[in-house]
Amino acid sequence: MKRLLQNLHREQSDTLLLLLAAFAALLPHTLHLPWWISLAIAVTLGWRALLTCAGWRLPPIWLLLPVALAAMAGVHAQFHTWLGRDAGVAMLTLLLGFKMLEMRARRDVMVVIFLCYFVLLSNYFYSQSMLMALHSILALALMLSAQLSFQYGAYQPPLRQRVALIGRLLLYGAPLALLLFLGFPRISGPLWGLPGDAHTGSSCLSDSMAPGSISALARSDALAFRVQFQGPHPSPSQLYWRTIVLGDYDGRSWTRVPPAAACTVPTSISACAIRRSSTNSRWKCSSSHICRRWN
């Protein structure tokens with residue numbers, strides 16, 4: 001293997017470095033992408049690495065086009081749409097994998113590099129942890145190294161000089177990143193307002209619920225709501241909040257029973273059987289985990 005890497009031409013080694021950068025950007029997506037998409041991406045990257053090392057020709061367009069169309073059909077069959085967060089990320093990752101197999105000109109290389117940047121950024125749709133930030137820095141260093149390698153002409157500086165240049169570029173961008181982190185407003189909800197699955201993976205307060213549509217619902221560990229008491233605080237055993245009771249079922253979805261009709265709906269547990277405590281407390285509740293407006 002070492003001897004094979006030493007015998008590679010300059011273009012072959014730069015392509016392998018770009019494949020490594022793409023792999024680093026795609027790696028976190030394997031945690032949430034369907035298994036067949038992760039397998040398809042692994043096959044395309046491995047196929048391109050084999051073609052690069054062996055010096056074989058790239059596959060023709062008449063072979064790639066049916067495979068790409070089949071992958072698009074598979075995404076639609078999996079997510080029932082081509083829009084939204086999950087389907088859009090799946091399409092983006094597949095596009096990066098297939099673009100590797102038709103990367104011939106310099107323009108194609110630049111397209112692949114910027115696709116890697118977008119794929120790396122899309123990881124933050126699913127996680128904003130410090131571990132993800134550390135991974136992004138390492139993946140970004142690989143992408144910058146690949147981009148610089150294709151920018152150099154016949155002469156390529158030594159590895160130590162290129163690593164130093166990448167470090168300086170990252171340091172130049174650190175103040176701007178810190179400024180955006182501290183000064184950029186925290187917007188409630190998705191920044192780009194993604195449709196459909198913008199709130200996938202988190203629980204929120206809604207006035208309706210269709211059991212058949214909850215296929216990817218998960219509990220969120222985010223703060224549910226805040227309460228400010230005006231006066232003495234009740235004891236923890238006295239704290240109980242009741243929000244919305246979905247008691248009206250039309251055969252497809254559960255909806256909220258109107259407050260005026262709550263006492264007239266015949267139920268096994270009367271909605272009017274609420275015993276008022278002897279003491280009243282004045283408090284203010286605020287919550288951002290609401291899917292839509294309701295009264």
Side-chain angles (χ1 to χ4, degrees), residues 15 18-51 58-104 107-129 132 135-136 139 142-143 189-204 210-220 252 291:
T15 302
L18 181 55
L19 284 170
L20 181 61
F23 175 79
L26 290 164
L27 185 60
H29 285 299
T30 59
L31 299 176
H32 54 80
L33 284 176
W35 66 269
W36 66 269
I37 295 181
S38 301
L39 179 61
I41 295 172
V43 169
T44 55
L45 295 182
W47 190 3
R48 180 59 205 246
L50 177 62
L51 295 177
L58 297 179
I61 188 64
W62 58 264
L63 178 60
L64 290 178
L65 185 58
V67 177
L69 292 177
M72 291 178 60
V75 170
H76 192 276
Q78 180 78 38
F79 301 102
H80 307 290
T81 182
W82 284 311
L83 304 176
R85 183 193 65 174
D86 295 335
V89 170
M91 292 287 290
L92 184 62
T93 54
L94 287 171
L95 175 62
L96 177 57
F98 288 124
K99 189 62 180 177
M100 285 288 186
L101 292 175
E102 64 162 6
M103 188 175 60
R104 294 178 171 87
R107 177 183 62 86
D108 298 328
V109 172
M110 293 297 107
V111 170
V112 168
I113 290 175
F114 282 100
L115 276 176
C116 289
Y117 288 129
F118 278 107
V119 170
L120 181 63
L121 182 62
S122 64
N123 286 313
Y124 288 94
F125 286 148
Y126 301 93
S127 174
Q128 297 88 37
S129 63
M132 178 59 67
H135 172 270
S136 298
L142 284 173
M143 286 184 238
L191 182 59
W192 291 278
L194 294 176
D197 57 357
H199 297 282
T200 297
S202 62
S203 301
C204 62
S213 63
I214 308 178
S215 59
L217 183 64
R219 294 188 179 273
S220 173
R252 297 186 59 186
C291 296

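Residues E102 and I61 share a closest heavy-atom pair of OE1-CD1, 4.4 Å. The two residues C116 and A25 make their nearest non-hydrogen contact at O-CB, 3.9 Å. Minimum interatomic distance between L33 and I37 (heavy atoms only, all atoms of both residues): CD1-CG2, 4.0 Å. Shown here for D86 and F79, the closest heavy-atom pair between the two residues is CB-CE2, 3.6 Å. Counting all heavy atoms, side chain and backbone alike, H135 lies closest to P28 at CE1-CG, 3.3 Å.
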**OP:** Report the C-alpha separation of V75 and W36 in whole Å, then their side-chain angles, then the decisive distance to 0.1 Å, and conclude whether the side-chain contact (heavy atoms from CB on, under 4.5 Å) test is met.
**Re:** CA-CA 10 Å; V75 170; W36 66 269; 4.1 Å; yes
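Residues I41 and T30 fail the side-chain proximity criterion, which asks for heavy atoms closer than 4.5 Å. Within the 4.5 Å cutoff, the side chain of T44 has no heavy atoms near those of the M100 side chain. Counting heavy atoms from C-beta outward, L51 and P59 have side chains that approach closer than 4.5 Å. At a threshold of 4.5 Å between non-hydrogen side-chain atoms, the residues V112 and L96 count as touching. You'll find the side chain of L26 reaches within 4.5 Å of the side chain of L45, heavy atoms only. Residues V89 and H32 form a side-chain contact, since some pair of their non-hydrogen atoms from C-beta on lies under 4.5 Å apart.
For the atom pair CG of L121 and CZ of F118, the computed distance is 7.5 Å after rounding to the nearest 0.5 Å. Expressed to the nearest 0.5 Å, how far OG of S136 lies from CE of M143 amounts to 8.0 Å. Atoms OG1 and CZ, on T93 and F98 in that order, are 9.5 Å from each other to the nearest 0.5 Å. Atoms CG and CE, on L18 and M103 in that order, are 5.0 Å from each other to the nearest 0.5 Å.
Relative ring orientation between H29 and Y126 is described as perpendicular, the plane-to-plane angle rising above 60° on a 0-90° scale split at 30° and 60°.
Remark: Y124 OH is packed, more than 12 non-hydrogen atoms of other residues, nucleotides or ligands lying under 6.0 Å away. Within 6.0 Å of the CZ atom in R107, the count of heavy atoms belonging to other residues, nucleotides or ligands does not exceed 12.
For residues 108-122, the pairs satisfying salt bridge (Lys or Arg N to Asp or Glu O under 4.0 Å) are K99-D108, with sequence neighbours left out.
Panel note: side chain W82, backbone M72; a donor-acceptor pair is recorded below 3.5 Å.
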